[in-house]
Amino acid sequence: MDAITRVLAKELGPRNIRVNSISPGVIDTEGARAMESYEQVANAVKAQTPLGRTGVPEDIGLIAAFLASDEARWLTGEIILGSGGLR
């Protein structure tokens, strides 16, 4: 995804089309909670994440809204890590 994001940004930039991607950390969703080991994984992530929690869908939605806004007009080819600081 990172490579595709950067290549498409170069290809589409001359048309004034911005291409960015979001790389989320652990997000607390119904699908994630369906995994048998979710609680164990989530607790381990929380312990290592500077913000001390897993993400929620709204966290990623806010990043997407920013990238779609005019405030992000100078961003293209970027991969935004939405992980609460966990790298």
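What you see below is based on every heavy atom in this structure, not just the backbone, and it leaves out hydrogens, waters and symmetry mates.
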With [X], which residues qualify under side chain to side chain donor-acceptor pair (under 3.5 Å), at least two apart?
X	value
S21	T5
D59	R53
R87	none
S69	E71

Flag the pair [X] / [Y] as yes when at least one side-chain heavy-atom distance between them is below 4.5 Å, and no otherwise.
X	Y	result
S83	T49	no
T54	Y38	yes
I27	I60	yes
E78	I80	yes
I79	N20	no

* Asked: Do you know which of V7, D2, L8 makes side-chain contact (heavy atoms from CB on, under 4.5 Å) with I4?
  -> L8
* Asked: Got a sec, which hydrophobics cluster with W74, joining ILVMFWY side chains under 4.5 Å apart, including via others?
  -> none
* **Exercise: identify the closest heavy-atom pair between P50 and G85** => CD-C, 3.5 Å
* Does CD belonging to E39 count more than 12 external heavy atoms closer than 6.0 Å? -> yes
* Under the salt bridge (charged side-chain N to carboxylate O under 4.0 Å, His left out) rule, collect the residues that match up with D28, sequence neighbours excluded. => R33
Any donor-acceptor N/O pair, [X] side chain to [Y] backbone, under 3.5 Å:
X	Y	value
T29	A32	yes
S23	L81	no
R6	M1	no

* Same hydrophobic cluster for V26 and V56, using side-chain heavy-atom links shorter than 4.5 Å among ILVMFWY? -> no
